[in-house]
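Heads up, the thing below is written out as structure tokens.
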Amino acid sequence: MTYRRGALIVLEGVDKAGKTTQCKKLVQALQQSGRPAEMMRFPDRTTKIGQLISSYLERKSNLEDHTVHLLFSANRWELVPEIKEKLEQGISLVVDRYAFSGVAFTSAKPGFSLDWCKSPDVGLPKPDLVMFLKLSPSEAEGRGEFGTERYETTVFQRTVQSRFEQLMKDPSVNWQVIDAARTIEDVHTDIKEHTVNAINKVEEQPLGELWK
Ligand code: Z5A
């Protein structure tokens with residue numbers, strides 16, 4: 001029997017771009033069309049490392065900036081065996097944020113280079129497709145107030161957006177920019193089309209290693 005793996009699909013974007021909404025809709029649509037698919041999200045707040053991160057984001061605890069960056073990365077690495085197992089079983093994974101958020105958010109802090117921020121995530125399973133949900137800061141503001149978690153301020157989010165733009169210049173990653181300012185249905189149609197193409201394309205290809 002021919003080996004067919006699932007695809008690793010990542011949705012990235014600034015706050016309120018609609019990542020969670022679209023991940024859920026995409027998984028549902030894939031399943032309904034008979035393609036095995038599951039959703040994952042980072043940070044995964046259910047693990048011990050994820051709980052440390054969650055407490056930091058909720059401002060219940062403070063962590064030194066390098067330390068929290070490494071915890072976000074460790075939270076991805078601890079799930080790598082599960083990611084690989086699912087992909088090998090032919091299940092496509094739709095992931096809400098990944099290493100790109102890790103780099104964009106930490107490098108938006110003073111004194112952090114893109115290279116330093118990327119290094120702990122080098123070698124992670126490489127996404128077959130990364131869709132960046134593009135939404136201008138003013139459009140994001142139109143979707144309601146920011147929450148109370150750390151990083152949820154307009155000024156910080158603008159810097160994060162510019163770091164994402166730097167990351168998107170890397171041709172070793174399969175980026176697709178999605179206009180997230182449209183209706184939920186229009187964005188979904190676009191995302192689904194890119195995803196189905198990626199699933200069909202990669203099923204007989206080996207999984208890559210990120211930034212290697
Ligand atoms: N972080 C980090 O620092 N390092 C890392 O390595 C990682 C993450 C992985 C985690 O937040 C924080 O951790 C995040 C990055 C940092 N900090 N920030 N800021 P999270 O993942 O737990 O939650 P979130 O990412 O902040 O969620 P979000 O960005 O706020 O939302 P979203 O998923 O992009 O959007 P949504 O929840 O689907 O939709 C937001 C609202 O807009 C909602 O009311 C929707 O109904 C509405 N919506 C969605 N789509 C539309 C359209 N098309 N039109 C109109 N309204 C819409």
Side-chain angles (χ1 to χ4, degrees), residues 10-28 39-47 49-80 83 94-109 112 114 116-122 124 127 130-161 163-164 167 178-192 210-211:
V10 169
L11 266 72
E12 287 281 10
V14 288
D15 218 42
K16 295 190 278 190
K19 300 174 294 298
T20 306
T21 306
Q22 293 297 335
C23 282
K24 287 182 181 164
K25 273 184 83 69
L26 180 58
V27 168
Q28 210 176 18
M39 180 173 164
M40 291 183 93
R41 67 178 310 157
F42 290 108
D44 179 336
R45 302 186 195 217
T46 64
T47 71
I49 295 170
Q51 282 159 20
L52 291 173
I53 295 170
S54 187
S55 163
Y56 168 82
L57 287 171
E58 291 168 12
R59 301 177 192 271
K60 290 181 183 155
S61 63
N62 278 320
L63 288 166
E64 193 275 334
D65 287 333
H66 299 79
T67 310
V68 74
H69 182 74
L70 296 173
L71 285 177
F72 271 113
S73 177
N75 185 229
R76 286 183 277 279
W77 280 107
E78 68 178 331
L79 286 154
V80 166
I83 292 175
V94 175
V95 186
D96 188 350
R97 295 193 186 272
Y98 198 56
F100 313 98
S101 277
V103 175
F105 277 78
T106 303
S107 68
K109 296 179 179 179
F112 284 89
L114 229 49
W116 187 89
C117 293
K118 283 163 88 172
S119 54
D121 285 316
V122 170
L124 277 178
V130 187
M131 287 176 279
F132 182 79
L133 272 56
K134 191 170 181 185
L135 191 71
S136 72
S138 55
E139 284 160 335
E141 278 161 33
R143 291 191 183 172
E145 298 290 307
F146 280 115
T148 52
E149 285 204 340
R150 226 178 267 265
Y151 307 149
E152 294 186 344
T153 66
T154 307
V155 176
F156 193 72
Q157 294 288 332
R158 280 177 200 266
T159 316
V160 170
Q161 174 114 13
R163 297 295 180 269
F164 272 124
L167 286 172
I178 307 289
D179 175 6
R182 296 169 292 166
T183 66
I184 291 176
E185 277 312 317
D186 283 354
V187 176
H188 169 67
T189 304
D190 202 358
I191 283 178
K192 191 177 166 205
L210 182 62
W211 293 323

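Both ligands and their constituent atoms are indexed starting at 1 by order of listing. Please read these numbers as outputs of a predicted model, since none were measured by experiment. Index from 1, following the sequence.
Which parts of ligand 1 touch Asp15 is read off a 4.0 Å heavy-atom cut-off, strictly below it: atoms 18 (N), 19 (N), 24 (P), 26 (O), 28 (P), 29 (O), 30 (O). Close approach to Thr183 involves these atoms of ligand 1, each under 4.0 Å from a residue heavy atom: 53 (N).
Side-chain N/O atoms of Asn75 and Thr47 include a donor and acceptor closer than 3.5 Å. No side-chain donor-acceptor contact under 3.5 Å links Thr189 and Glu185. For the residue pair Glu139/Ser136, the side-chain donor-acceptor check at 3.5 Å is satisfied.
Atom 45 (C) of ligand 1 has as its closest protein heavy atom Thr21 OG1, 4.0 Å. Scanning the protein for heavy atoms near atom 22 (O) of ligand 1, the closest one is Arg45 NH2, 2.8 Å. For atom 17 (N) of ligand 1, the closest non-hydrogen atom of the protein is Phe105 CE2, 3.6 Å.
Ring geometry for His66 against Trp116 counts as perpendicular: the plane angle is over 60°, on a 0 to 90° scale with 30° as the lower cut. Ring orientation note: the planes of Phe164 and Phe105 are nearly perpendicular, at an angle over 60° on the 30°/60° scale.
Contacts between Lys19 and ligand 1, counted as non-hydrogen atom pairs separated by less than 4.0 Å, involve both the backbone and the side chain. Of all the heavy atoms of Leu57, the ones lying under 4.0 Å from any atom of ligand 1 belong exclusively to the side chain. Counting heavy atoms closer than 4.0 Å to ligand 1, residue Gln22 contributes nothing at all.
Remark: Asp96 does not engage Lys19 in a salt bridge, criterion side-chain N to carboxylate O under 4.0 Å.
Here the CZ atom belonging to Arg150 is positioned 5.0 Å from the CG atom belonging to Asn62, to the nearest 0.5 angstrom. Going from atom CD of Glu149 over to atom OH of Tyr151 covers 10.5 Å, rounded to the nearest 0.5 Å.
Inside a 4.0 Å radius of atom 51 (C) of ligand 1 there is at least one protein heavy atom. For atom 41 (C) of ligand 1, the nearest protein heavy atom lies 4.0 Å away or farther.
Relative to atom 6 (O) of ligand 1, the option among Arg182, Arg97, Arg76, His188 with the closest non-hydrogen atom is Arg76. Residue nearest to atom 47 (C) of ligand 1, selected from Arg143, Glu149, Glu185, Gln157: Arg143 (by heavy-atom distance). With atom 33 (O) of ligand 1 as the reference point, the heavy atom nearest to it among Thr20, Val103, Thr106 is part of Thr20.
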_Using the rule given for salt bridge (Lys or Arg N to Asp or Glu O under 4.0 Å), can you reason through Lys109 versus Asp65, listing the C-alpha separation, both sets of side-chain angles and the distance that settles it, and then say yes or no?_
CA-CA 8 Å; Lys109 296 179 179 179; Asp65 287 333; 3.0 Å; yes

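Some N or O of Lys16 is nearer than 3.5 Å to an N or O of ligand 1, by distance alone. The N/O atoms of Val187, backbone and side chain alike, include none that comes under 3.5 Å of an N/O atom in ligand 1. The shortest N or O to N or O distance between Arg150 and ligand 1 is not below 3.5 Å.
Figure legend: Lys118 and Phe100 shown without cation-pi pairing, the cationic atom not lying both under 6.0 angstrom from the six-membered ring centre and within 45 degrees of its axis.
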